[in-house]
Every structure is written in C-alpha cells, then in structure tokens.
Amino acid sequence: YLCVLLVFNITAGAATQSLRAAIPGRQIEVLSYVFVVDAASSVTFKSNTTAISGAMACAANRGVSANGEDDGLMITAVGEALQITNSAGNIAGHITYRIV
C-alpha cells in the first residue's frame with residue numbers, strides 16, 4: 001500500500017460530503033480525525049453510502065477526536081469514496097488518511 005499520510009480539512013454544512021474521491025482498486029484508511037459542530041448533530045463517516053462508523057452524537061459547540069495511529073480507525077470498500085454525513089449545522093475539523 002502507499003505509505004503517504006494525507007491530511008484533509010473538513011468543512012461542511014448539514015449534508016453528505018465527499019472527503020476523498022474514490023480511487024479505482026484502492027481503499028481509503030482513516031488514521032485519525034478531529035471535528036466540532038456548531039449545532040446539535042450526528043456525524044457519520046461512510047464508504048460511499050454505507051456507514052463505516054457509528055453515528056456520533058454531538059451537542060452544539062462540541063466535538064470528537066480519535067487517533068488509531070498505525071492501525072487505522074476505519075476503511076472504505078475497494079474503489080469507494082470516503083464521505084461524511086452531518087445531520088445539522090456546520091462541521092469543521094480534519095482527518096489523516098492513507099491510500100491502501
């Protein structure tokens with residue numbers, strides 16, 4: 001797999017947004033993430049339309065962070081985009097991922 005670590009800033013409203021486009025024959029593995037929301041919301045990471053994280057409920061002006069280091073936290077299916085769904089308000093933060 002490719003060992004290059006990549007960082008992407010998350011900025012989105014209440015919707016599903018692509019964080020990293022699909023790469024044919026490859027997977028996107030999330031190594032860490034941090035985000036905050038400005039309204040009570042549930043946030044879910046997805047492989048295209050399939051949830052790869054649980055819905056993380058956050059109160060307004062609160063957030064979540066996780067660091068899987070080398071093990072990774074979640075991974076998309078082969079050839080699928082990494083997406084994030086935010087149920088309300090706005091979300092801001094960043095992820096670190098690698099292509100495998």
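FYI, side chains are in, hydrogens and waters are out, and symmetry mates aren't considered; it's all heavy atoms of this structure.
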Hey, could you give me each pair passing ring-ring contact (aromatic ring centres under 6.0 Å, His included) that has a residue in [range]? Not counting sequence neighbours.
{"range": "residues 57-84", "value": "none"}
{"range": "residues 59-93", "value": "none"}
{"range": "residues 62-85", "value": "none"}

T76 backbone acceptor or donor facing Q27 side chain under 3.5 Å: yes

If hydrophobic clusters are built from ILVMFWY residues whose side chains come within less than 4.5 Å, do [X] and [Y] share one?
{"X": "V36", "Y": "L19", "answer": "no"}
{"X": "M74", "Y": "I99", "answer": "yes"}
{"X": "V34", "Y": "V30", "answer": "no"}

Can you run down the side chain to side chain donor-acceptor pair (under 3.5 Å) pairs that involve residues 77-87, sequence neighbours left out, and say none if there aren't any? T16-T85, S41-N86, S41-S87, K46-T85, S47-E80

Just jot down the side chain to side chain donor-acceptor pair (under 3.5 Å) partners of N90, sequence neighbours excluded, or say none. D38

Hey, are the side chains of I75 and I28 touching, using non-hydrogen atoms and a 4.5 Å cut-off? no

Going by heavy atoms in the side chains, are L31 and Y97 under 4.5 Å from each other? no

Please evaluate residues I84 and T44 with respect to the criterion side chain to side chain contact (heavy atoms under 4.5 Å, CB included), reporting the C-alpha separation (whole Å), side-chain torsions for both, the decisive distance (0.1 Å), and the verdict. CA-CA 6 Å; I84 193 166; T44 307; over 6 Å; no

Side-chain donor-acceptor pairs under 3.5 Å in residues 49-64, sequence neighbours left out?
residue, atom, partner, partner atom, Å
S53, OG, F45, N, 2.9

Residues that A66 engages under side-chain contact (heavy atoms from CB on, under 4.5 Å), provided they are two or more places apart: Y33, L73

